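Chain letters run A, B, ... following the sequence lines, proteins first, then strands; residues in each count from 1. Values in this document were obtained by computation on a predicted structure and should not be read as measured data.
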There are 2 protein chains.
Amino acid sequence: MVITISREFGSGGHSIGMQVAEKLGIPFYDGEIVDEVSKKSGYSPEFIEKQGEYIKKKSTYFNLSIPFKGCYEDPRDKVFHIQKETIIQLAKEGPFVIVGRCGDYILKKEEIPCFNVFIYADDEHRKARVLERYGKNDVDIVKRLEQKDRQRRTYFKYYTDEDWGICKNYHLCLDSGFLEEEKCVKFITRSVRGMIEKNK
Amino acid sequence: MVITISREFGSGGHSIGMQVAEKLGIPFYDGEIVDEVSKKSGYSPEFIEKQGEYIKKKSTYFNLSIPFKGCYEDPRDKVFHIQKETIIQLAKEGPFVIVGRCGDYILKKEEIPCFNVFIYADDEHRKARVLERYGKNDVDIVKRLEQKDRQRRTYFKYYTDEDWGICKNYHLCLDSGFLEEEKCVKFITRSVRGMIEKNK
């Protein structure tokens with residue numbers, strides 16, 4: 001079973017996912033996917049990091065290219081496609097934890113068993129975490145949160161046609177600001193272990 | 001602290017809430033609120049049961065009555081208002097578990113500390129539960145689920161102006177079909193106990 005972790009920026013989803021993978025003794029994929037997609041696509045890791053989860057809006061050029069489908073592929077779509085194939089391939093090889101990248105949607109569509117988790121938090125906790133982890137920059141912290149949320153939401157909507165952060169899309173949704181990281185890790189690992197026991 | 005449980009029809013939220021209250025040794029309110037509101041409003045428990053959580057749409061008569069505010073109060077609004085006051089009053093007296101009735105929204109607005117949980121499940125689990133609990137009737141099971149969902153969603157939207165089933169409105173969201181009732185009860189009680197420990 002694959003554990004997919006979708007998360008708000010600054011909610012600690014990356015750290016929670018890493019701890020879950022460690023506790024369960026299975027691989028953890030976040031940046032590792034970027035390297036894999038870079039090798040397969042030829043695009044640089046920096047480009048994939050930027051395009052593989054965030055989207056502002058599709059360009060006019062992309063829309064104009066639709067009638068000539070096959071002649072031109074938007075690099076962002078190419079990255080999404082290779083990323084998708086990489087995730088599916090990995091899921092066929094064994095269990096792992098993956099953070100973001102529409103992993104939940106991609107695996108659900110392929111009918112690959114997965115446990116989908118969403119991690120979020122109130123703005124106060126997120127602001128504190130972002131400042132602690134990445135430090136200040138020129139952009140106001142509130143704007144940074146809004147911008148990343150909007151870009152991830154748009155990316156998810158564009159490639160899945162579903163809304164981000166709707167309970168029904170996940171099996172477990174955790175407010176990491178309220179529950180704290182440690183409890184989130186415990187709830188996820190206990191859920192997974194419970195399911196393994198049940199399916200024995 | 002008050003524990004509010006919002007739930008989809010057929011997700012087992014009532015049963016989960018009851019078990020949580022029992023484990024924590026605190027009162028459980030669902031039908032009990034109906035009796036209290038009935039006493040205060042003069043409306044029958046049956047009327048309150050029907051109007052206190054479900055709404056189809058506000059009548060034209062209600063809309064026409066807005067210019068004469070004070071002269072006429074829609075019975076549904078009266079029920080909501082008394083229900084709201086009852087919940088706030090109870091929250092001032094001590095901790096409890098409450099199911100539905102916009103409890104989460106009402107207490108958040110009053111800045112009363114509460115732990116908000118959302119329980120949902122996939123349609124297959126919900127159908128099985130509804131048939132087991134309430135049996136068949138003339139209406140097709142899929143339609144029954146859709147109807148109740150729509151009425152609860154509309155009621156919540158009307159009185160809170162917020163969307164139902166959005167992760168951010170809750171601290172913990174649990175798919176009871178996937179996780180099973182027992183695990184849901186455990187996660188809620190552990191979260192509450194953890195918070196009690198932390199605040200000691």
Side-chain angles (χ1 to χ4, degrees), chain A residues 1 3-11 13 104 108 113-126 145 149 152-153 156 162-199, chain B residues 1 3-11 13 104 108 113-126 145 149 152-153 156 162-199:
Chain A
M1 174 176 288
I3 300 149
T4 76
I5 301 204
S6 308
R7 78 295 182 216
E8 280 189 341
F9 181 59
S11 69
D104 53 332
K108 195 165 63 185
C114 49
F115 179 51
N116 302 321
V117 182
F118 187 67
I119 310 281
Y120 52 102
D122 57 282
D123 284 359
E124 288 317 305
H125 278 96
R126 292 168 66 205
L145 291 182
D149 282 351
R152 283 188 186 168
R153 200 182 305 120
F156 190 79
E162 286 186 3
D163 292 316
W164 201 55
I166 305 285
C167 300
K168 293 282 281 190
N169 286 339
Y170 312 94
H171 300 114
L172 182 63
C173 312
L174 303 161
D175 178 337
S176 62
F178 199 85
L179 295 167
E180 296 186 339
E181 239 181 82
E182 197 194 329
K183 197 150 253 101
C184 295
V185 174
K186 273 190 188 160
F187 284 180
I188 301 169
T189 50
R190 277 180 190 158
S191 301
V192 175
R193 286 187 178 132
M195 282 176 283
I196 294 169
E197 276 302 310
K198 199 178 128 192
N199 295 328
Chain B
M1 175 177 287
I3 300 149
T4 76
I5 301 204
S6 309
R7 79 294 181 217
E8 280 189 342
F9 182 58
S11 69
D104 53 331
K108 196 166 61 184
C114 49
F115 178 51
N116 302 321
V117 182
F118 187 67
I119 310 281
Y120 52 100
D122 57 283
D123 285 359
E124 288 316 306
H125 277 96
R126 292 167 67 206
L145 291 182
D149 281 352
R152 284 189 187 167
R153 200 181 305 121
F156 191 79
E162 286 186 3
D163 292 316
W164 201 56
I166 304 285
C167 300
K168 294 281 281 188
N169 287 338
Y170 313 95
H171 300 114
L172 181 64
C173 312
L174 304 160
D175 179 336
S176 62
F178 199 84
L179 295 167
E180 295 186 342
E181 239 180 82
E182 196 194 331
K183 197 148 254 102
C184 295
V185 174
K186 273 189 189 161
F187 284 179
I188 302 169
T189 50
R190 278 180 190 159
S191 301
V192 175
R193 286 188 177 133
M195 281 176 282
I196 294 169
E197 277 302 311
K198 198 178 128 193
N199 295 327

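Heavy-atom distances place both the backbone and the side chain of A:F187 under 4.5 Å from chain B. Contact annotation for B:L179: only side-chain heavy atoms (C-beta onward) come within less than 4.5 Å of a heavy atom of chain A. Proximity to chain A (any heavy atom under 4.5 Å) is restricted, for B:K198, to the side chain, taken from C-beta onward. With a 4.5 Å cut-off on non-hydrogen atoms, B:Y120 touches chain A through its side chain but not through its backbone. Proximity to chain A involves both the backbone and the side chain of B:K168, based on heavy atoms less than 4.5 angstrom apart.
For the set A:A121, A:S176, A:G165, the entry with the most heavy-atom pairs within less than 4.5 Å of chain B is A:G165.
Between the OH atom in A:Y170 and the SG atom in B:C167 there is a gap of 6.0 Å [rounded to 0.5 Å]. For the atom pair CD1 of A:I166 and CG of B:D163, the computed distance is 7.5 Å after rounding to the nearest 0.5 Å. We find the CE-NZ distance between B:M195 and A:K183 to be 8.0 Å, quoted to the nearest 0.5 Å.
Residues A:F178 and B:S191 fail the side-chain proximity criterion, which asks for heavy atoms closer than 4.5 Å. Under the 4.5 Å side-chain criterion, counting only non-hydrogen atoms from C-beta, B:R190 is not in contact with A:K186.
Heavy-atom contacts from other residues, nucleotides or ligands closer than 6.0 Å to CD of A:E182 number 12 or fewer.
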